[in-house]
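Step one of this worksheet: look at the structure below.
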Amino acid sequence: MMLGSMLIGMLLLLAIGVPVAVAIGLSAVGPLLIFSDTPPLLIVQQYFVALDSFPLVAIPLFILAGNIMQVGGIAERMLALAKAFVGHLPGGLAATCVLTCLIFSAVSGSSVATAYAIGGILIPAMVKSGYPAGFAAALQATSAELAVILPPSISLILFGISTNTSIGDLFIAGIGPGLLIAAALMLSVVLYSFLRGYKGENAREPIIPALRQGIAALMMPVIILGGIYSGIFTPTEAAVVAVAYALVISLFFYRTLKISALWSILRTTALSTAFIMFTIASAGLFSYLLEQTGGAQVIASWMRDNFDHAWTFLLAVNLLLLVVGTFAETAVSILVMAPLLTPVAVAMGIDPVHFGLIMVINLALGMITPPVAVNLFAVCSVARIKLQELIPYLLPMMAVMIVCLMIVSYVPAISVGFLGIMK
Amino acid sequence: MNRVNASFLVVERWLVSAALFFSLVSLSALVVCCFYQIVSRSIFHLPLAWSEALVRVLMLWSVFLALPAAFREGAMISIDFLPQKLGANRAIVVIPLAGLSLFLLLVLVIYGTDILGRVRFQKISGLGVSMVWAYLAIPIGAGISALAVLAGMLRAVTDRRLSRDEGVAA
């Protein structure tokens, strides 16, 4: 009764347009007040416990670092760098879009932020060079997913926290799949552009000056990963170092950031943090009740009974998450599903770090599948087009993503292989 | 709009801005504190016992004090496919949705106030102050958010009344 009303309630509330965080909160609070004799003080306690975590502080800090980089004009420098490398290829600007997203992903943990930051510059530029707006928007939405796969990904931090998996390991394991997806996308757009006759940029820009301008930004992931891996700091501390680094380079190295802009950067950061954290707190209560009512165990044991091989289990998980990712918001999907599925995966001999990457790539794919497709909404608002205009261009890109997902699922070396080298 | 409503909206706007101001102060303090923690440990070799606890409390305040502004400015993401179809600005769509948010926020205000008495004598480990200082963020943030949501409902109703009056005038 309780389990059913929680799940149906959540879907119903989401469908009628209640804010995501509120929908999850209500679908836990409602059944708790009506059906259960759990003391209601527990509601507030769970909201508190869910947020009272030091690793979680990495999220607002990485959002802040990304925002500083963005306002500090770092996106333009990354774009210039990417263009110097791939701009001359057929469909040069399209390839530049993928590569810029790849570089920007190394400083941003949110794909929506990446879609706005890079899309704001590249979509108009691509349209101006004669690409269809739908193509530009679809490519931007797909490439922006790299931000949640490569470190510092907010989704990977959430997975690490909710399953007690090392965030540092997850970050490292994200590199391989991120590069694989970027390469696959780049290859596809170059091939597609060659067939359609989209030209590259005429004047080839010199690489060295662009590299000199972009190098400071490229150092950021080195500092973050190096710091975490050498044991100098925790992921949260790495995030604050990222903030300090972003401030120093945009204030003193590039000199593109004014002190007066800091207040509005903090404001943007606080607002998106409030949304994410309130969602996390609501999901905390929801998962707690799911555990309490035995719902979690029912689902887990059903899975254990019905899938006897790791590969059929992974296939089922991929299908399930594709469906979930289509409807639910990523943070929620991770916070609710990861604690349920990861123990089953581990029991089947799947590395939890590998499993985390599979989940995150899956849910990233959900960000570009309607109806709940945050990336698509972002690029549609940037490109000022309707959703249906980009769908025909989106489908082949989704196919590329799905192929990559399958490769990552069945070739663990791509994700966890890097760990072996680092350790 | 009558005078009571108008002054309510003024108070609400003032409270939401004040809360956001303190949220940003908490966020800045959090960054400084977290940075000081690293400097102290890795440069001065003095690990701090209180910084992680303080950072967690600051984050809680920063989140809950920015919540009213997030509700007010529509930063709370929703799936607005259905509301868009029905007319996202119509009072008949806005009010029931806002009512649901209001309910959750009131639950947090009521039990959030209730729990303060229970945690009064617990101490935040590392800081040595009462847990009330951490928990207090929840009822205060949820309370101001409730006012912000209520103000949104009020605006939706009065806007509709305005447009109907204009219709009559035309």
Side-chain angles (χ1 to χ4, degrees), chain A residues 13-23 25-26 29-30 33 39-45 47-48 51-54 56-57 59-61 64 112 232-233 236-237 239-241 243-244 262-263 266-267 269-282 327 329 370-372 374 377, chain B residues 20 23-24 26-28 30-31 34-35 37-38 41-42 52-53 55-60 62-71 73-84 86 88 93 96-97 100-101 103-105 107-108 110-112 114-115 118-119 131 134-135 137-139 141:
Chain A
L13 289 168
L14 284 173
I16 60 170
V18 176
V20 175
V22 176
L26 280 179
V29 167
L33 291 177
L41 280 186
L42 200 114
I43 298 170
V44 184
Q45 200 198 2
Y47 265 76
F48 178 81
L51 295 185
D52 187 31
S53 132
F54 190 68
L56 212 55
V57 181
I59 293 176
L61 290 174
L64 179 59
V112 180
I232 301 175
F233 28 76
T236 306
E237 291 173 344
V240 85
V241 171
V243 170
L262 282 180
W263 192 248
L266 278 174
R267 192 175 188 280
T269 308
L271 286 181
S272 34
T273 304
F275 163 70
I276 295 180
M277 291 294 163
F278 195 56
T279 311
I280 290 173
S282 297
F327 292 102
E329 208 267 337
V372 187
V374 282
F377 301 155
Chain B
L20 184 61
S23 161
L24 301 192
S26 300
L27 185 59
S28 321
L30 178 162
V31 173
C34 203
F35 194 72
Q37 168 180 325
I38 306 172
R41 193 190 56 223
S42 54
E52 284 203 7
V55 163
R56 296 203 310 261
V57 174
L58 285 172
M59 181 174 79
L60 201 72
S62 169
V63 166
F64 274 91
L65 289 180
L67 199 61
F71 269 105
E73 297 183 15
M76 303 303 287
I77 294 168
S78 61
I79 301 159
D80 51 3
F81 180 74
L82 208 61
Q84 290 288 348
L86 297 170
V93 178
L97 290 181
L100 287 166
S101 296
F103 176 75
L104 179 66
L105 290 167
V107 166
L108 289 177
I110 293 166
Y111 297 115
D114 218 11
I115 209 169
R118 307 288 183 98
V119 298
M131 279 286 245
Y135 267 100
I138 298 178

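Values reported hereafter were calculated over all heavy atoms of this structure, with side chains retained and with hydrogens, waters and symmetry mates removed. Chain identifiers are assigned alphabetically (A, B, ...) following the order of the sequence lines, protein sequences preceding nucleic acid strands; residue numbering begins at 1 within each chain.
Judged by distance alone, with hydrogens and angles left aside, the side-chain atoms of B/R56 form no donor-acceptor pair with the main-chain N or O of A/L56 at under 3.5 Å.
Across all non-hydrogen atoms, the minimal contact from B/R41 to A/F233 is NH2-CA, 4.2 Å. Nearest heavy-atom pair across B/M59 and A/P60 is SD-CG, 3.9 Å. Heavy atoms only, all atoms of each residue included: B/L24 and A/A270 are closest at CD2-CB, 3.4 Å. Of all heavy-atom pairs between A/L271 and B/A69, the closest is CD2-CB, 3.6 Å.
Contact tally against chain B (heavy-atom pairs below 4.5 Å) for A/L41, A/L42, A/L266, A/L33: the top residue is A/L41. By number of non-hydrogen pairs under 4.5 angstrom with chain B, the leading residue of A/D52, A/L51, A/V243 is A/D52.
At least one side-chain heavy atom of B/C34 sits less than 4.5 Å from a side-chain heavy atom of A/F54. Looking at A/T273 and B/S62, their side chains never come closer than 4.5 Å, going by heavy atoms from C-beta outward. Side chains of A/Y47 and B/Y111 form no contact here, defined as non-hydrogen atoms less than 4.5 Å apart. In this structure, B/V119 and A/F48 have side chains that are not in contact, with every pair of non-hydrogen atoms separated by 4.5 Å or more. Side-chain contact between A/L61 and B/L30 is present, with at least one heavy-atom pair separated by less than 4.5 Å. Counting only heavy atoms from C-beta outward, the side chains of A/I16 and B/L100 approach each other to under 4.5 Å.
Both the backbone and the side chain of B/A134 come within contact range of chain A, each with at least one heavy atom under 4.5 Å from a heavy atom of that chain. Within the 4.5 angstrom heavy-atom criterion, atoms from both the backbone and the side chain of A/V57 approach chain B.
B/R118 is linked by a salt bridge (Lys or Arg N to Asp or Glu O under 4.0 Å) to nothing, counting only residues two or more places apart in sequence or in another chain.
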